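We count residues from 1, following the sequence as given. As the structure is a prediction and not an experimental result, all values here were calculated from the model. These values consider heavy atoms only, across backbone and side chains, with no hydrogens, waters or symmetry-generated copies.
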Amino acid sequence: LFFFILFIISCTDTNTTNTVHATKKSDYSVLCDTSNFNVFNYLSKDKISRFNSEIYKFSEKDLLLSKKDSLIVFVGSSSIRKWNNLEDDFSNLPVINRGFGGSTFPELIYYSNELIFKYKPLIVVIYEGDNDQYILNPQQIFECACYLEQKIHSRLPQTEVYFISVKPSPSRISMLKTMLLTNNLLKNLAAANQNTHYIDVWSNSFKGDRIRGDIFKSDSLHLNDKGYQIWYDLIYPTINQKYLSIVQ
């Protein structure tokens with residue numbers, strides 16, 4: 001199945017292929033023109049604020065933070081929110097979990113002051129693009145990710161930004177083609193910008209050409225402990241090394 005999807009992508013129209021594989025900064029600057037970006041073009045005002053109560057609860061958690069500077073912030077959708085042991089798993093690092101709801105890139109942008117900028121983090125780890133598949137196409141997801149990256153680095157130029165690839169899941173197998181396109185664009189975004197990185201969790205989600213069912217909960221969407229162990233093994237070494245290089 002995996003190789004079949006790759007074949008399908010190779011057969012996409014020329015414009016899409018050129019978009020996905022545009023890694024030169026000259027091409028990127030054209031693709032990533034966010035001068036007219038408006039988050040409400042992607043999600044209406046009444047829908048984008050649906051997680052207000054959940055965001056408010058983070059302000060209460062902030063009062064309990066033992067460390068309030070030089071933080072590493074994990075943000076994104078339920079794959080971050082449901083990583084219940086995240087702060088324990090990264091116990092030697094000043095990590096906080098600010099995953100919320102079943103969120104999307106537009107919602108993360110909308111709440112970025114509350115979830116990112118208030119902490120002035122050294123590192124931001126982002127997982128979005130999964131739920132976005134229902135409302136946005138890969139190019140639109142890229143535009144949102146691009147805007148968010150630019151917004152972060154305009155206000156926090158030295159902050160390291162890590163985009164986690166969209167994961168494949170058995171419950172969303174019909175979306176694998178667009179997920180791959182999305183991941184290629186996120187990878188290109190990271191390659192074209194300083195202090196921006198891409199973490200591939202896609203590849204380790206397969207056994208042969210099949211998505212590994214053993215790393216998901218019974219809903220076939222959210223990761224179980226084994227799945228989060230895979231994520232930890234991929235994420236920890238790179239952010240730990242980066243964090244130590246920053247603070248030393």
Side-chain angles (χ1 to χ4, degrees), residues 1-3 5-6 67 70-100 102-103 108 115-116 119 121-131 145 149 159-173 175-176 179-180 182-191 193 195-248:
L1 176 59
F2 178 68
F3 297 106
I5 294 167
L6 290 178
K67 182 176 176 61
S70 302
L71 295 175
I72 300 171
V73 179
F74 278 69
V75 291
S77 61
S78 56
S79 291
I80 298 297
R81 177 175 60 85
K82 289 178 174 288
W83 196 340
N84 298 321
N85 299 323
L86 188 149
E87 292 170 6
D88 291 333
D89 290 343
F90 294 85
S91 59
N92 68 315
L93 295 172
V95 166
I96 59 172
N97 187 334
R98 291 297 178 263
F100 65 108
S103 62
L108 177 55
L115 299 176
I116 297 174
Y119 304 110
L122 294 180
I123 295 175
V124 181
V125 183
I126 299 167
Y127 182 76
E128 292 289 8
D130 201 333
N131 300 314
E149 182 273 326
T159 293
E160 302 287 339
V161 176
Y162 288 82
F163 288 101
I164 302 174
S165 71
V166 179
K167 73 181 189 304
S169 58
S171 66
R172 294 181 176 175
I173 197 167
M175 300 178 178
L176 293 188
M179 286 178 173
L180 265 177
T182 299
N183 284 341
N184 279 333
L185 288 166
L186 292 176
K187 186 176 182 179
N188 292 346
L189 172 62
N193 289 275
N195 302 334
T196 309
H197 315 272
Y198 174 80
I199 299 176
D200 175 21
V201 300
W202 174 281
S203 301
N204 285 33
S205 301
F206 287 86
K207 186 174 183 180
D209 62 351
R210 294 182 178 275
I211 299 173
R212 292 181 57 178
D214 63 321
I215 63 174
F216 291 93
K217 294 182 177 180
S218 58
D219 62 5
S220 296
L221 175 62
H222 295 104
L223 296 169
N224 58 25
D225 289 343
K226 184 182 291 187
Y228 281 121
Q229 183 63 51
I230 291 174
W231 278 34
Y232 172 82
D233 291 341
L234 291 168
I235 296 169
Y236 174 77
T238 184
I239 68 168
N240 180 61
Q241 182 180 21
K242 181 62 68 175
Y243 181 79
L244 292 177
S245 70
I246 294 171
V247 299
Q248 288 180 349

Closest non-hydrogen atoms of Y127 and D130, given as atom of the first, atom of the second and distance, are OH-OD2, 2.8 Å
Atom pair CG/OG1 of N195 and T159 - distance to nearest 0.5 Å:
8.0 Å
Carefully, step by step, assess F216 and K167 under the rule side-chain contact (heavy atoms from CB on, under 4.5 Å).
CA-CA 11 Å; F216 291 93; K167 73 181 189 304; 3.9 Å; yes
With a 3.5 Å distance limit and no angle check, can you tell me whether S77 reaches the backbone of E128 through a side-chain donor-acceptor pair?
no
Quick check for you: to the nearest 0.5 Å, what is the distance between L122 atom CG and L71 atom CG?
7.5 Å
Using side-chain heavy atoms (C-beta onward) and a distance below 4.5 Å, is I72 in contact with I96?
no
Working for side-chain contact (heavy atoms from CB on, under 4.5 Å), residues I215 and N224
CA-CA 6 Å; I215 63 174; N224 58 25; 4.3 Å; yes
Reported CD-to-CG distance for the pair E149 and N193, which is rounded to 0.5 angstrom:
4.0 Å
Could you tell me the separation between the CZ atom of F100 and the CG atom of L115, rounded to the nearest 0.5 Å?
5.5 Å
Verdict with supporting geometry, I80 and V75, side-chain contact (heavy atoms from CB on, under 4.5 Å):
CA-CA 7 Å; I80 298 297; V75 291; over 6 Å; no
Hey, what do you get for OG (S70) to CG (L93), rounding to the nearest 0.5 Å?
12.0 Å
Please evaluate residues N85 and Y228 with respect to the criterion side-chain contact (heavy atoms from CB on, under 4.5 Å), reporting the C-alpha separation (whole Å), side-chain torsions for both, the decisive distance (0.1 Å), and the verdict.
CA-CA 9 Å; N85 299 323; Y228 281 121; over 6 Å; no
Q229 side chain to D225 side chain, donor-acceptor N/O pair below 3.5 angstrom
no
Test item: N97 side-chain N/O and N84 main-chain N/O as donor-acceptor pair under 3.5 Å:
no
Assess the pair W83 and F90: is the distance between their ring centroids shorter than 6.0 Å?
yes
Any side-chain heavy-atom pair from V166 and M175 closer than 4.5 angstrom?
no
Go through it in stages, so that I can follow the logic: the residues are W231 and F74, the test is ring pair (Phe, Tyr, Trp, His ring centres under 6.0 Å), and I'd like the CA-CA distance, side-chain angles, deciding distance and then a yes or no.
CA-CA 13 Å; W231 278 34; F74 278 69; 9.2 Å; no
Are Y198 and N188 packed together at the side-chain level, in the sense that at least one heavy-atom pair is separated by less than 4.5 angstrom?
no
Pairs of donor and acceptor atoms involving the side chains of residues 234-247, under 3.5 Å and at least two apart or interchain, shall be tabulated with distances.
unit_1 : atom_1 : unit_2 : atom_2 : d
Y236   : OH     : N92    : ND2    : 2.9
Y236   : OH     : N240   : OD1    : 3.4
S245   : OG     : K242   : O      : 2.6

Using a 3.5 Å distance criterion without hydrogens, assess whether the side chain of S103 forms a donor-acceptor pair with backbone atoms of G99.
no
Gap between atom CH2 of W202 and atom CE of M179 - 0.5 Å precision:
6.5 Å
Those residues that, when tested against N131, pass side chain to side chain donor-acceptor pair (under 3.5 Å) (two or more places apart):
R172
Please answer whether the main-chain N or O of I211 pairs with a side-chain N or O of S205 as donor and acceptor at a distance below 3.5 Å.
no
